[in-house]
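Positions are given from 1, in the same order as the sequence printed here.
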Amino acid sequence: MGLMKTEIEINSSNIRKNKISLMEKVSFGLGDMASNFVWGICASYLLFFYTDVYGISAVAVGTLFLITRILDAVANLVMGIIVDRTKSKHGKARPYLLYLSLPLGIMFILTFITPDISYTGKLIYAYITYFLLGILFTAVNLPYGSMLTMMTQDTHERQQLGSYRTMGMGLGATIVSLCTLPLVSLFGEGNQQVGFPIVIGLYSIVATIMFFLVFKNCKERHTDSQDIGDKYETWKQVVNMFKNKPWLLLAISTLMMNIGIGAVSSIIIYYGKYVLNVPAMATILLVVVNGGNFIGGLIASPILKHFGNRNGNLICLSGSLLSFILLMFLGEQTILFTILVLITYIFMGVSFAALYAMLSDTIDYQGRKFGKKSESLLYASNSFATVFGLAIGSALVGYSLGWAGYDPNAITDETRNAISIILFTSGILFTLLQLLPLLFYKLRDTTK
């Protein structure tokens, strides 16, 4: 009896010891906030920067996005294998946040510098800097994302971490949306070619500090102690990954989601400026979108705890789809349009948090079914869907604007109609396609 009591006390002590603190949860959320200081800018402003500030055609930018992001998507898979093979005193994922955050910040600044060279030279410079930025971002963000599974095996804690991550994403993207153009105007004194690099430099400093805080405060408690092994064993894990039906369905849903995000994030700045005809609306809409994501992350944990990850996700995606449909009928009613955009992205914010928790569940399922979790490989492959989806979405916008004859100095009715069609079609179609695979996702929430 005494021995049993001692064992219970030891287990209770271990549970308390492994429980994630508020500081750790907040620090984990800072990682996605930092990511959005980097990639949020690229998703929301880089197309605009290349076309309206640096003077590259929309079609050329669409091709640039597509080619570089496809290459970067492949790099995600390679990085996942590298992280799974990593053994260090700092763990599997944390070393990359420590050593590569500063190079990422430097490349971020270089991407927004506009050397006065020929048009061909501008294209070459854009290809090189954007590609290297993507590679470095992958080398930092992928290990960060894969840490969620390593930090806890408790479903509710994973839901909370997903919520903090979504809040970090929403807050970071909101700050970027609200502050970027005003700061560019302030520091550049009306010259965006001067203002953008200065603002990006400030964001780079803040993002680097935040990534370091993730490294310092977040712990890897549950790493797969088995090595990936030789090339044959690596290939075996890849094959097993595609036999993981819940993961495959989630990856398809993630791909559809990010095609929509890539398209909507790229086009909404043009919609506010040229269709609603209120220049400030470009900033306001981005703030509303990302503010909605933050609110969604804030309320996600109790919703997902009640409905479960899969059902909560389906409910919120259905609400988002309905909201996107209603947006079409509001036309240029600016206030109502803005309110409904906020509601749409509150639903989306909850969906993001559910997705992070569901990905961890599929990784646990991989471990139970095949004996090895391969956390970073599965996260990297899901990240492949994210990167590839964003590439397709952004490229579609660039090509569509090119086909519509987009010229920032001569906006036509045809261009305005194209902008509206891109926005609403992307929102409705890809939200629907994101929802459909989840109807076949049957994995229950794990480790409650």
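Looking at Lys369 and Asp364, no side-chain N of the basic residue comes within less than 4.0 Å of a carboxylate O on the acidic one, giving no salt bridge.
Among residues two or more places apart in sequence or in another chain, the ring pair (Phe, Tyr, Trp, His ring centres under 6.0 Å) test is passed with Tyr441 by none. Residues satisfying the side chain to side chain donor-acceptor pair (under 3.5 Å) criterion with Thr111, sequence neighbours excluded, are absent altogether.
No side-chain heavy atom of Ser27 sits less than 4.5 Å from a side-chain heavy atom of Glu24. The closest side-chain heavy-atom distance from Phe430 to Val264 is not below 4.5 Å. Phe196 is listed as a side-chain neighbour of Leu181, based on a closest heavy-atom distance under 4.5 Å. By the 4.5 Å heavy-atom criterion applied to side chains, Phe352 and Met169 are counted as neighbours. Tyr96 is listed as a side-chain neighbour of Ile82, based on a closest heavy-atom distance under 4.5 Å. Here the side chains of Thr166 and Phe294 are not in contact, with every heavy-atom distance at 4.5 Å or above.
Aromatic ring pairs are classed by plane angle as parallel below 30°, tilted from 30° to 60° and perpendicular above 60°; the pair Phe37 and Tyr203 is tilted.
Aromatic ring centres of Tyr130 and Phe112 lie farther apart than the 6.0 Å criterion allows.
Among pairs with a residue in residues 238-269, those fulfilling ring-ring contact (aromatic ring centres under 6.0 Å, His included) read Phe242-Trp247, at least two apart in sequence or across chains.
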